[in-house]
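Quick notes on the structure that follows.
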Number of protein chains: 2
Amino acid sequence: MNEQPRGTRPGRITIRDVAADAGVSVAAVSKVLRNAYGVSPALRQNVLTSIEKLGYRPSTAARGMRGRTFTIGVVLVEMGNPFLPDVIAGISDACGADGYKVLIGLGQAQLTLEESLLDSMIDHGMDGLILVAPRMSGETLEAYARQTPLVVIAHHEPSPNAYDTVNSDDAAGAQMVVAELVAAGHSDIAMISLLVADDNSQTHVSVAREKGYLKAMGDAGLEPSARILRMTGDKDLRQAQMRSFLSAPDRPTAVFCWSDLFAIELIGLARSSGMNLPSDLSVIGYDNSPPATMPLIELTSVDQNARGLGGAAATALLSRIAGRTNPQRLMLKPTLAHRTSHGPA
Amino acid sequence: MNEQPRGTRPGRITIRDVAADAGVSVAAVSKVLRNAYGVSPALRQNVLTSIEKLGYRPSTAARGMRGRTFTIGVVLVEMGNPFLPDVIAGISDACGADGYKVLIGLGQAQLTLEESLLDSMIDHGMDGLILVAPRMSGETLEAYARQTPLVVIAHHEPSPNAYDTVNSDDAAGAQMVVAELVAAGHSDIAMISLLVADDNSQTHVSVAREKGYLKAMGDAGLEPSARILRMTGDKDLRQAQMRSFLSAPDRPTAVFCWSDLFAIELIGLARSSGMNLPSDLSVIGYDNSPPATMPLIELTSVDQNARGLGGAAATALLSRIAGRTNPQRLMLKPTLAHRTSHGPA
DNA sequence: CTGAAAGCGCTTACAG
DNA sequence: CTGAAAGCGCTTACAG
């Protein structure tokens with residue numbers, strides 16, 4: 001539907017212009033650009049001056065055809081999660097230091113779109129990819145990893161082959177929460193988790209948190225009262241589930257929510273139904289996201305060090321781009337941010 | 001620090017492989033790929049079959065060198081704003097229909113990074129760019145617009161030359177809010193806005209909302225009591241400002257907040273200081289973002305139709321890529337989402 | 001240390 | 001309708 005030719009803009013300064021201006025060969029300019037071997041300081045200075053003077057910027061497309069693009073792609077499933085900005089910031093910081101640029105693709109919660117995005121990024125010649133909480137299968141991930149350096153964040157694949165995983169130690173985070181509540185005198189502690197429907201649910205962070213919760217409850221001798229309520233991603237349905245949970249006769253004295261989002265919702269519903277928090281109910285969340293610090297919320301929450309996750313993933317990816325092939329499974333320790341949403345039993 | 005050559009992966013299927021498999025020329029394959037003129041249905045079918053069979057995908061980098069990349073770049077200043085996901089969704093939908101992919105860059109609130117991102121996207125050969133709430137000057141925008149098709153969302157540039165602007169009618173939104181509050185019997189209505197420090201503050205959406213507020217107050221004969229409090233972006237400082245606003249003797253009966261984020265914070269602070277809402281204070285926000293619907297918040301808020309903004313911007317960009325050069329200034333009508341955060345005076 | 005030449009995978013006039 | 005050839009702007013062996 002659009003016929004006007006575009007291609008390289010007419011005015012674009014190319015490596016040839018720089019070479020001509022500096023009175024050297026195109027190859028020499030390329031070497032200076034890449035900090036490659038065998039250029040005299042004089043020539044280098046010459047070229048640098050011309051680059052500056054002409055405002056030259058290499059075409060990523062052209063570079064991508066033979067060398068690298070100095071760009072890495074980050075694929076997000078959705079943008080709503082408040083911990084994503086910090087992950088991205090961590091990635092950007094670590095990449096920027098090496099001259100890499102970060103471009104983001106959004107999966108929009110559609111598996112096909114997510115995969116077509118990966119294809120597209122590979123087609124763009126990106127030097128490597130970081131996926132955050134992907135939903136695809138382990139085989140699909142392996143297949144992509146054979147095509148490009150790949151690192152996955154927030155996805156507990158037990159034994160990746162051709163790619164790396166970077167996770168917060170979600171089980172440890174859950175254990176910290178239970179320990180905190182037990183220390184405060186609670187013995188009836190429930191967990192509200194996420195109902196994950198797809199086939200790869202076992203790799204979801206919520207499952208790792210559930211395991212940590214169960215382990216900690218067992219360790220504290222509270223196994224009999226341990227219970228996990230998996231609630232839906234649909235907001236309206238979920239609020240109905242929460243209301244009935246709150247009004248049930250066997251309501252616990254404390255709740256560990258797999259995410260801040262759920263925890264904040266629960267707090268709102270509890271208060272609006274006349275409950276007094278934290279005296280009637282202690283709530284602890286996960287993510288230590290900005291809304292956790294809101295007045296009237298003041299949510300105690302596990303901080304998974306989102307920035308650290310991003311940084312570690314970027315570092316891993318860069319080393320993979322540099323040639324490493326053995327898979328790494330990185331695990332960062334979470335911490336607990338104490339606020340006033342929980343109290344003594 | 002990394003020496004391993006990469007370039008095009010060894011296994012990559014190229015247009016040449018497809019041509020060989022289909023028994024036609026490379027040029028023929030290229031034409032089929034682009035739906036270009038002059039290919040017989042038979043040849044086309046042949047080529048399509050081979051493409052399918054070999055799993056061929058054209059290299060964006062190579063295409064970018066001569067034609068287009070079928071990729072558009074979206075630059076966001078930050079990711080925190082809850083209305084961004086819908087904007088992106090709107091863009092993606094509109095672009096996807098035309099076979100375009102969307103790649104996102106994040107400015108991280110640094111002007112230089114923002115501009116280097118634009119450079120990088122242009123270097124990537126992206127066919128066009130959409131900027132959301134950029135902070136750069138009008139001249140800088142014009143300069144970029146000379147290099148690539150450009151559309152700007154949520155930025156009130158009075159007379160763009162080489163690019164298009166797509167905005168919600170922020171003044172109208174503010175007027176709707178005031179009208180709603182006046183109808184409910186309020187006459188002492190303050191506005192809490194954002195303190196914008198940089199040189200291009202006049203183009204910020206908050207300023208357009210302020211103008212609408214002042215206009216509506218004047219129209220209602222409430223000019224004497226109109227007042228705008230511009231609060232800082234720094235969270236802690238802002239909360240202090242809000243507290244003193246709430247405890248001041250001349251506290252109004254209703255507040256219009258320039259964003260949901262501010263409104264929700266204000267509600268939390270008001271409640272935690274013992275006020276009863278909405279009887280003690282009516283609050284209306286702007287963005288109609290997900291948190292506005294939270295229990296205990298139930299914030300009445302202006303919906304700027306984020307998805308529509310994204311869609312309109314994408315459509316504009318596509319028509320620009322197709323050759324249009326006259327500037328467009330699009331303005332979408334907002335609507336008011338009624339909830340219970342405001343009541344009679 | 002320096003440069004000429006081939007080639008990356010496409011698209012685009014241009015012939016046939 | 002079809003294809004051979006040039007060229008997009010780089011990088012990479014390879015000579016000199």
Side-chain angles (χ1 to χ4, degrees), chain A residues 2-47 51 54-71 122-125 127, chain B residues 2-47 51 54-71 122-125 127:
Chain A
N2 29 35
E3 292 308 321
Q4 168 173 296
R6 212 205 69 133
T8 306
R9 307 245 137 207
R12 176 132 203 159
I13 310 282
T14 75
I15 196 173
R16 200 164 309 222
D17 300 319
V18 175
D21 185 83
V24 300
S25 75
V26 163
V29 177
S30 173
K31 280 171 194 157
V32 171
L33 245 33
R34 291 170 294 118
N35 281 312
Y37 257 115
V39 263
S40 67
L43 184 151
R44 148 179 293 279
Q45 194 45 59
N46 239 325
V47 170
I51 287 176
L54 302 176
Y56 167 72
R57 284 177 355 225
S59 151
T60 309
R63 300 186 96 165
M65 285 193 65
R66 302 213 43 107
R68 42 181 52 153
T69 58
F70 294 96
T71 308
I122 293 171
D123 297 344
H124 261 277
D127 295 340
Chain B
N2 29 37
E3 292 308 321
Q4 166 174 299
R6 211 204 69 132
T8 305
R9 307 247 136 207
R12 175 130 205 160
I13 310 281
T14 74
I15 197 173
R16 201 163 312 223
D17 301 318
V18 175
D21 185 84
V24 300
S25 74
V26 163
V29 177
S30 173
K31 280 172 194 156
V32 171
L33 245 33
R34 292 171 293 117
N35 282 312
Y37 259 114
V39 263
S40 66
L43 185 152
R44 146 179 294 278
Q45 192 46 59
N46 239 325
V47 169
I51 287 177
L54 301 176
Y56 167 72
R57 283 179 354 226
S59 152
T60 309
R63 299 186 97 165
M65 285 192 65
R66 301 216 41 110
R68 44 180 52 153
T69 58
F70 294 97
T71 307
I122 293 172
D123 297 345
H124 262 277
D127 295 340

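In the text below, chain A, chain B and the rest are named by the order of the sequence lines, each starting its count at 1. Because the structure is predicted, anything quoted here is derived from the model rather than measured.
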Between A/Gly64 and A/Thr69 the two heavy atoms that sit nearest each other are CA-CG2, 3.5 Å
Which residues in residues 21-30 of chain A have a heavy atom closer than 4.0 Å to any atom of DNA chain C? A/Val24, A/Ser25, A/Ala27, A/Ala28
Residue pair B/Thr71, B/His124: steps toward the side chain to side chain contact (heavy atoms under 4.5 Å, CB included) verdict: CA-CA 9 Å; B/Thr71 307; B/His124 262 277; over 6 Å; no
Protein and nucleotides 14-16 of chain D: nitrogen or oxygen contacts under 3.5 angstrom:
none

Taken to the nearest 0.5 Å, the spacing of A/Leu54 CG from A/Thr14 OG1 works out to 9.5 Å
Hey, is the side chain of B/Arg34 poking within less than 4.0 Å of OP1 or OP2 on C/dT12, counting only N and O atoms? yes
Tell me, what's DNA chain D's dot-bracket, Watson-Crick or G-U with both distances under 3.5 Å, | for other-strand, [ ] crossing? |||.||||||||.|||
Separation of D/dG7 atom C1' from B/Arg66 atom CZ, nearest Å, is 5 Å
Closest non-hydrogen atom pair between A/Ala62 and B/Met65, with its separation: CA-SD, 3.7 Å
Could you report the tightest heavy-atom contact between A/Asp127 and A/Phe70, atom names first, then the distance? OD2-N, 2.7 Å
Sorted by first residue and then second, give each salt bridge (charged side-chain N to carboxylate O under 4.0 Å, His left out) pair with at least one member in residues 27-44 of chain B; sequence neighbours left out. none
In whole angstrom, give the distance that lies between atom CG of A/Asp123 and atom P of C/dC8. 18 Å
Measure from CZ on A/Arg12 to C1' on D/dC10 and round the result to the nearest Å. 11 Å
Starting at atom CG of A/Leu33, determine the distance to atom C1' of D/dG9, rounded to an integer number of angstrom. 11 Å
Closest non-hydrogen atoms of B/Val18 and B/Ile51, given as atom of the first, atom of the second and distance, are CG1-CG1, 3.8 Å
Working to the nearest 0.5 Å, report the span between CG of A/Asn46 and OG of A/Ser40. 8.5 Å
Partners of A/Ser59 by side-chain hydrogen bond (donor to acceptor under 3.5 Å, both in side chains), sequence neighbours excluded? none
Please identify each residue that fulfils side-chain contact (heavy atoms from CB on, under 4.5 Å) with B/Ala22, with sequence neighbours left out. B/Val24, B/Val47, B/Ser50
Any residue meeting salt bridge (charged side-chain N to carboxylate O under 4.0 Å, His left out) with A/Asp123, in chain and number order, not counting sequence neighbours: B/Arg12, B/Arg57
Taking only residues two or more places apart in sequence or in another chain, which ones pass side-chain contact (heavy atoms from CB on, under 4.5 Å) with A/Ala20? none
For B/Met65 and C/dG7, give me the distance from atom CE to atom P, rounded to whole Å. 16 Å
Contacting residues from residues 54-63 of chain A, given that a heavy atom lies under 4.0 angstrom of DNA chain D: A/Tyr56, A/Arg57, A/Pro58, A/Ser59, A/Ala62, A/Arg63
Rounded off to whole Å, could you give me the CZ-to-P distance for the A/Arg16 and C/dA5 pair? 12 Å
Gap between atoms CZ and C1', on B/Phe70 and C/dC10 respectively (whole Å): 12 Å
For A/Asp17 and D/dC10, what is the distance between atoms CG and C1' respectively, to the nearest whole Å? 13 Å
Examine D/dC8: is either OP1 or OP2 under 4.0 Å from a nitrogen or oxygen in the side chain of A/Thr14? Give yes or no. no
Not counting sequence neighbours, which residues clear side-chain hydrogen bond (donor to acceptor under 3.5 Å, both in side chains) with A/Thr60? List them please. none
